[in-house]
Amino acid sequence: MEKTTSYPKWDAPYFTGKKIEKIYCFPWCMEKFHPENTIRFQSRANAEQAGYRPCKKCCSTLPIGAWTDKQSELTLVVPKEFSFNENMKYLSKEPNECLFYCKNQRIYRAIPIKEETPVVEIRSDQDNMLHIRFLGTTMPSCKWMRAEVARYVRDWFDLDTDLLPFYDLAKSDALLQRAVTHFTGLRNIGIPDLFEAICWGIIGQQINLPFAYTLKRRLVEAFGRSIECDGETYWIFPSPHDIAALTMEDLKGLQMTGKKCEYLIGVAQLMVEGKITKEQLANCGDYKKAENMLVKIRGIGPWTANYVLMRCLRMPSAFPIDDVGLHNAIKYLQGTPQKPTKAEILKLSATWTNWEAYATFYLWRFLY
DNA sequence: CTCCAGGATAACC
DNA sequence: GGTTATCATGGA
């Protein structure tokens, strides 16, 4: 078993902005967008000896996300600014969530990767560690598939963002100061699947959150797939392919607006045709370009675009400024009878540059 | 009964 | 370019 590198050792070179020229990852890594000059090494020790640093994007070599592989279990090293309890509270807040569940301080879900669907239990027995255990007979067969699971969990919990600058920023910000005090260690829990993120955004437009979860459940149970594992049923969000072939009639039973049904089918068709992909959005240049690409899609306005960029693409500047929940959170914190105007929010958020997404996520937590 | 929910669109002026 | 009715439903 490979020894896990502790967090502090790898901290410095990554977050100081210092340019690193010699990058390594492992032969089995499937990451498609490595930095240039990335060399593959058989072992971490050899790479380090040669003066190489682990690839920041690579699932198996990240400093913080380093993992050990014990066949039935993966262990991720997480940053200091990670509170399993705080993230658990967020994940547990919605009883009607259908894509995972929480029980005894553990999280359970199926993670679809290519043809396989491993079911995992995620727990944290000790600080700075996250344990991923495969349930039943769902353990992935090959090493890179396990690496994909590790990558998925790291992405889901946003383990690769260094929150220290955000916490520094918050010290001198009236709103954020209270937010980070209350929710220290909370991460921007993501929606890694782009189609799911867009659908969730569209479904959530202009209705209260409990009803949005009900609609999502109906959609998933009608058109998604499920697998059984250890006596539990695990649902997987429908693929674009599943939805693209549907008609308005098929979606009527869900009881959402006809327009939303059109939007969902339209987005599914665009994705089946390859006209929207996560890679395109991630690599299109900057956040504003990605926002423009999304807003052009029928059914996606500024709010949904920023929501998707925030929860799926994890762009730090994504900012759903029209969000009613954000308005209510600010109103609550300021103790004012009226919700803030857009101008007031712009003023309050002027110093949040590159942390708008995290600020929003933290402020939302005051609502529940 | 009315109003508001983690909005977007088409059809107006 | 700004404003407004419309959409489905549930909860306060």
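Per chain, numbering begins at 1; letters A, B, ... match sequence-line order. All of these numbers come straight from a predicted model, not from anything done at the bench.
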Completion exercise
With sequence neighbours left out, the residues meeting salt bridge (Lys or Arg N to Asp or Glu O under 4.0 Å) with A/Lys275 are A/Glu273
Problem - Mutual orientation of the aromatic rings belonging to A/Trp156 and A/Phe100 [parallel < 30°, tilted 30-60°, perpendicular > 60°] - result: perpendicular
Problem - With A/Thr341 via side chain to side chain contact (heavy atoms under 4.5 Å, CB included) - residues at least two apart - result: A/Ala343, A/Glu344
Problem - Residues within residues 342-358 of chain A bordering DNA chain B, heavy-atom distance below 4.0 Å - result: none
Practice task
Between C/dA8 and B/dA10, how far apart are the P atoms? Round to whole Å, please.
Solution key: 15 Å
Exercise for the section: Sugar-phosphate atoms are those with a prime plus P, OP1 and OP2; base atoms are the rest. Using that split, label each nucleotide of nucleotides 8-13 of chain B B, S or - for protein heavy atoms under 4.0 Å, 5' to 3'. Expected result: SSS---
Exercise for the section: State which residues pass ring-ring contact (aromatic ring centres under 6.0 Å, His included) with A/Tyr167; sequence neighbours excluded, sorted by chain then number. Expected result: none
Handout entry: Reported OG1-to-CD1 distance for the pair A/Thr117 and A/Ile236, which is rounded to 0.5 angstrom
Key = 4.5 Å
Practice task
On the 0 to 90° scale, with breaks at 30° and 60°, tag the A/Trp200-A/Tyr213 ring pair as parallel, tilted or perpendicular.
Solution key: tilted
Handout entry: C/dA5 to B/dT2 separation - P atoms, rounded to the nearest Å
Key = 16 Å
Exercise for the section: Sticking with atom C1', work out how far C/dG2 lies from B/dA5, rounded to a whole angstrom. Expected result: 24 Å
Problem - Enclosure of A/Glu228 CD (heavy-atom neighbours >12, cutoff 6.0 Å) - result: yes
Practice task
Would you please name every residue forming a salt bridge (Lys or Arg N to Asp or Glu O under 4.0 Å) with A/Asp155, sequence neighbours left out?
Solution key: A/Lys278, A/Arg314
Do any N or O atoms of the protein come closer than 3.5 Å to N or O atoms of nucleotides 1-4 of chain B, and which pairs are they?
none

Exercise for the section: Would you please name every residue forming a salt bridge (Lys or Arg N to Asp or Glu O under 4.0 Å) with A/Asp322, sequence neighbours left out? Expected result: A/Lys342
Problem - Heavy-atom contact window of chain A on DNA chain C, given 5' to 3' at under 4.0 Å - result: C/dC7 to C/dG10
Which atom pairs, one a donor and one an acceptor, fall under 3.5 Å between side chains of residues 289-297 of chain A and the rest of the protein, sequence neighbours left out?
{"unit_1": "A/Glu291", "atom_1": "OE1", "unit_2": "A/Lys288", "atom_2": "NZ", "d": "2.9"}
{"unit_1": "A/Glu291", "atom_1": "OE2", "unit_2": "A/Asn306", "atom_2": "ND2", "d": "2.8"}
{"unit_1": "A/Asn292", "atom_1": "ND2", "unit_2": "A/Lys288", "atom_2": "O", "d": "3.4"}

Practice task
Verify the ring-centre separation between A/Phe166 and A/Tyr362: is it less than 6.0 angstrom?
Solution key: yes
Handout entry: ring-ring contact (aromatic ring centres under 6.0 Å, His included) partners for A/Tyr152, two or more places apart
Key = none
For residues 215-224 of chain A, which side-chain N or O atoms pair as donor and acceptor with protein atoms under 3.5 Å away, sequence neighbours left out?
{"unit_1": "A/Lys216", "atom_1": "NZ", "unit_2": "A/Glu97", "atom_2": "OE1", "d": "3.2"}
{"unit_1": "A/Lys216", "atom_1": "NZ", "unit_2": "A/Glu97", "atom_2": "OE2", "d": "3.0"}
{"unit_1": "A/Arg217", "atom_1": "NE", "unit_2": "A/Asn96", "atom_2": "OD1", "d": "2.8"}
{"unit_1": "A/Arg217", "atom_1": "NH1", "unit_2": "A/Glu221", "atom_2": "OE2", "d": "2.9"}
{"unit_1": "A/Arg217", "atom_1": "NH2", "unit_2": "A/Asn96", "atom_2": "O", "d": "3.4"}
{"unit_1": "A/Arg217", "atom_1": "NH2", "unit_2": "A/Asn96", "atom_2": "OD1", "d": "3.4"}
{"unit_1": "A/Arg218", "atom_1": "NH1", "unit_2": "A/Leu254", "atom_2": "O", "d": "2.8"}
{"unit_1": "A/Arg218", "atom_1": "NH1", "unit_2": "A/Gln255", "atom_2": "OE1", "d": "3.4"}

